[in-house]
Number of protein chains: 2
Amino acid sequence: MKIAPNANAARGPVTMHDVAARAGVSRATVSKYFNDREGLKADTLARIEQACRELEYVPDPHAVSLVRGRSRMVGVILPVVNEPFFAEALRAIEAKAKSLGMDVIIQCSYNDPAEEAAALMTMRSMKVAGVILTAVASTENRALLLRLEQEMRIVYLDSYVHEDCNYVMNDNRQSMAMLTRYLLGRGHVPAFLGAPPVAHPSPQERLAGYTDAMAEAGLAPHLVPASTQPSWDFEAFAFQHVLDWLAGGAWKRAGITALACGTDRLAIGAMSACRRFGLAPGKDLAIVGHDDLPISAYLYPPLTTFRQDVAAIGVAAMECLQAQLDGTDVTPFRKRFTGGLVPRESA
Amino acid sequence: MKIAPNANAARGPVTMHDVAARAGVSRATVSKYFNDREGLKADTLARIEQACRELEYVPDPHAVSLVRGRSRMVGVILPVVNEPFFAEALRAIEAKAKSLGMDVIIQCSYNDPAEEAAALMTMRSMKVAGVILTAVASTENRALLLRLEQEMRIVYLDSYVHEDCNYVMNDNRQSMAMLTRYLLGRGHVPAFLGAPPVAHPSPQERLAGYTDAMAEAGLAPHLVPASTQPSWDFEAFAFQHVLDWLAGGAWKRAGITALACGTDRLAIGAMSACRRFGLAPGKDLAIVGHDDLPISAYLYPPLTTFRQDVAAIGVAAMECLQAQLDGTDVTPFRKRFTGGLVPRESA
DNA sequence: TAATTGAGGCCCGTCTTTAGT
DNA sequence: CACTAAAGACGGGCCTCAATT
């Protein structure tokens with residue numbers, strides 16, 4: 001066997017060629033070492049292993065992806081990444097991906113269909129092992145998504161586009177109903193403030209949960225009027241609308257004594273608006289949030305909220321991807337998570 | 001010119017071969033189209049462009065990376081991603097990368113040298129265009145980093161490992177001194193609570209800034225005693241230590257009337273501890289934070305803090321990478337950013 | 001001769017087929 | 001005829017160099 005010295009040896013990275021030469025075997029054998037070790041003599045195995053260690057050899061992922069037509073990367077497309085929910089989901093996804101030997105490539109859509117489409121096409125060209133996607137609220141990419149689902153695995157996180165897709169999310173209807181019932185049970189008459197339309201369908205589901213619980217109690221829902229302008233500045237959004245709402249006075253006539261907010265960030269803005277209006281949040285007006293941010297327990301007053309298991313949701317998304325990587329398991333993977341109510345002083 | 005139909009045409013992705021066939025040119029010409037268009041007839045150009053559009057062709061990034069020995073990916077290694085500062089930095093990096101046609105691959109080190117080393121080796125094998133790294137506090141990987149800096153571009157974000165490396169960060173010493181002087185100027189005698197040792201050197205710099213300002217005023221620094229256990233639960237960390245500190249009483253004897261916290265999250269925990277102890281934060285004890293989180297303006301009391309320009313820091317990191325991608329510009333890129341004090345009611 | 005385009009090797013692995021023992 | 005290992009054809013581009021007009 002004649003293995004010419006690799007021209008790159010001096011300058012470039014170590015290649016399989018180098019390892020083969022050092023171990024005194026062919027590239028094919030080294031390749032076997034990294035894939036199916038069965039049928040390799042212990043002696044050969046050991047020599048290759050040593051050569052790899054000595055040369056600090058790592059297979060070139062691009063070459064592997066090229067020949068395999070699939071990479072070990074997972075594409076994650078989120079509306080934003082600097083939002084507590086998505087940041088935590090990403091953390092969980094990254095951790096799980098690492099444990100599966102996969103790498104995460106992240107893109108933000110900013111809730112823009114065009115950005116989402118571009119990100120999806122990038123992921124496709126990258127031949128990712130799968131995509132974890134929080135779909136934008138618009139239905140503009142529906143057709144594209146249906147097409148892409150044919151050729152690559154897509155898991156929807158905190159969103160979905162049709163009944164048969166894979167999705168992983170909190171049971172928002174149930175959780176918001178639970179919060180609302182909690183308020184009702186304590187003798188309150190709660191109003192509801194939903195998030196700006198930068199997501200789908202979570203906000204709608206939470207609204208439905210609130211409405212459900214109100215209906216159970218024989219009460220008509222009372223919604224804080226709010227703009228439909230997309231915005232990620234939840235605190236400002238809540239502050240402004242709650243202040244206007246309080247000033248309007250309709251809440252008083254309706255006998256409202258509590259405010260259920262679609263997220264903790266909204267609740268924080270709402271509490272601030274209360275104080276500005278001269279009311280003591282948690283006392284003059286009970287307030288609950290949803291999500292249980294790390295800071296929520298330290299607010300004044302500490303925020304009653306619902307803790308959704310974001311990490312579990314992220315991990316499940318990765319597991320869904322993995323489940324259908326090797327095998328041809330195409331069973332739709334749909335998972336609803338639940339969390340728990342965290343009673344604190346704000347309600 | 002004879003171009004056989006691509007066997008993959010039916011099943012696999014569209015390749016350059018397909019485009020060439022459709023446009024009636026050779027692969028080489030299509031390749032030129034994507035790289036150096038100079039020297040291509042307008043006619044040829046148009047035919048290729050049309051073929052690309054019709055076939056929805058996108059060059060396979062893995063094939064390109066393989067032959068070029070460099071990918072268009074940027075590796076980002078952060079301690080965590082679900083922390084406001086890093087989440088926002090990542091957002092800015094991702095946005096800037098997108099505008100440069102690059103993709104972001106993210107890894108978390110959890111402040112663990114081993115994880116950091118593994119992430120770096122992954123980035124190296126991926127032949128990333130560059131790495132944006134928030135180095136762990138430990139110096140364990142110093143040698144590895146020095147070695148890797150030889151073969152790939154590394155920009156340190158909110159950290160650095162030696163004087164000659166590229167780094168981008170807030171001028172923490174200056175900003176914390178500014179906050180401290182602000183308190184002093186209002187007649188306060190401030191103590192200081194630093195973050196747990198999960199970063200370097202920001203917390204140390206902030207402490208130094210505090211000490212500087214105190215020295216200017218002829219005062220001895222007064223530090224809230226705190227554990228050196230690494231932790232990302234800043235609120236709990238602050239709550240516990242501030243409560244103990246208040247209970248200890250030394251602060252009273254020292255005439256302390258204010259508390260400067262290394263981050264807003266610490267300030268939130270500190271305010272909570274104050275209330276638990278029976279003091280009104282912002283009234284009985286002035287409190288300032290650092291970072292200006294989106295929620296900080298809506299807290300009670302609204303938090304006086306320092307707004308660091310995280311987005312600018314992230315963008316600068318990407319620009320540093322880009323600056324030395326094509327050219328062989330190896331001028332060290334060191335940038336200190338500054339922000340502004342945001343006075344609110346907590347102090 | 002200058003301006004364009006084509007041919008074919010190569011990057012670094014994988015995988016099927018063929019050759020040794 | 002078992003086992004192992006080597007040979008060599010790809011995969012999808014880029015790039016140098018030669019060919020064509």
Side-chain angles (χ1 to χ4, degrees), chain A residues 1-9 11-21 23-48 51-52 55 57-72 124-127, chain B residues 1-9 11-48 51-52 55-72 124-127:
Chain A
M1 157 195 46
K2 51 200 152 73
I3 292 193
N6 181 353
N8 279 6
R11 43 198 171 88
V14 179
T15 77
M16 187 173 273
H17 182 105
D18 304 320
V19 176
V25 298
S26 72
R27 278 159 34 225
T29 307
V30 179
S31 179
K32 273 206 197 70
Y33 172 84
F34 280 99
N35 300 298
D36 185 10
R37 274 153 147 101
E38 304 301 317
L40 280 190
K41 265 199 296 196
D43 168 47
T44 316
L45 217 70
R47 293 214 315 286
I48 296 178
C52 285
L55 296 173
Y57 171 69
V58 179
D60 182 330
H62 296 115
V64 177
S65 298
L66 175 58
V67 67
R68 283 224 220 277
R70 276 289 141 218
S71 78
R72 293 192 67 77
R124 183 171 83 143
S125 78
M126 291 255 187
K127 299 185 169 46
Chain B
M1 154 195 45
K2 54 205 147 75
I3 291 194
N6 182 353
N8 279 6
R11 41 198 173 89
V14 179
T15 77
M16 186 173 273
H17 182 105
D18 304 320
V19 175
R22 188 161 183 88
V25 298
S26 72
R27 281 157 35 225
T29 308
V30 179
S31 178
K32 274 203 195 71
Y33 171 84
F34 280 99
N35 300 298
D36 186 11
R37 274 154 147 100
E38 303 301 317
L40 279 192
K41 265 200 299 198
D43 169 47
T44 315
L45 216 69
R47 292 211 319 284
I48 296 178
C52 286
L55 296 174
E56 288 191 308
Y57 171 69
V58 179
D60 182 329
H62 295 115
V64 176
S65 298
L66 175 59
V67 67
R68 284 224 221 278
R70 275 290 140 220
S71 78
R72 292 192 68 75
R124 183 171 83 146
S125 78
M126 290 253 189
K127 299 186 169 47

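Here is how names work: the chains are called A, B, and so on, in the same order as the sequence lines, proteins then strands, and each is numbered from 1. Just so you know, these numbers use all the heavy atoms, side chains as well, and skip hydrogens, waters and symmetry mates. Fair warning: this is a prediction, and the values are worked out from it, not measured in the lab.
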Check the phosphate of [N] against [X], side-chain N and O only, distance under 4.0 Å to OP1 or OP2. Yes or no?
X        : N       : result
Thr15(A) : dC12(C) : no
Ser31(B) : dC14(D) : yes
Arg68(B) : dC15(D) : yes
Ser26(A) : dA6(D)  : yes

In whole angstroms, how far is the [atom2] atom of [N] from the [atom1] atom of [X]?
X         : N       : atom1 : atom2 : answer
His17(A)  : dA7(D)  : NE2   : P     : 11 Å
Glu38(A)  : dC15(C) : CD    : P     : 15 Å
Ile48(B)  : dT4(C)  : CD1   : C1'   : 11 Å
Arg27(A)  : dT4(D)  : CZ    : C1'   : 18 Å
Tyr33(B)  : dC14(D) : OH    : C1'   : 17 Å
Lys32(B)  : dG6(C)  : NZ    : P     : 9 Å
Lys127(B) : dC12(C) : NZ    : P     : 7 Å

Counting heavy atoms from C-beta on, name the nucleotide in [options] closest to the side chain of [X].
X        : options                   : result
Leu66(B) : dT14(C), dC12(C), dT4(D)  : dC12(C)
Thr29(B) : dG6(C), dG13(C), dC12(C)  : dG6(C)
Ala28(A) : dG13(C), dC15(C), dG13(D) : dC15(C)
Val64(A) : dG13(D), dG13(C), dA6(D)  : dG13(C)

**Asked** Any donor-acceptor pair under 3.5 Å linking the side chain of Ser65(B) with the backbone of Pro61(B)?
**Response**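 The answer is yes, because a donor-acceptor pair under 3.5 Å joins these two groups.
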
**Message:** Within the 4.0 Å heavy-atom criterion, would you say Val67(B) contacts the bases, only the backbone, or no part of the nucleic acid?
**Reply:**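 Touches a base.
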
**Request:** Look at all strands and tell whether Tyr57(A) reaches a base, only sugar-phosphate, or nothing, counting heavy atoms closer than 4.0 Å.
**Result:**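 Sugar-phosphate, backbone atoms only, no base.
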
**Message:** Taking the ring centre of each residue, are Tyr57(A) and Tyr33(A) less than 6.0 Å apart?
**Reply:**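 No; Tyr33(A) has its ring centre 6.0 Å or more from that of Tyr57(A).
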
**Message:** Reading DNA chain D from 5' onward, which residue's closest nucleotide shows up sooner: Met16(B) or Thr44(A)?
**Reply:** Thr44(A)

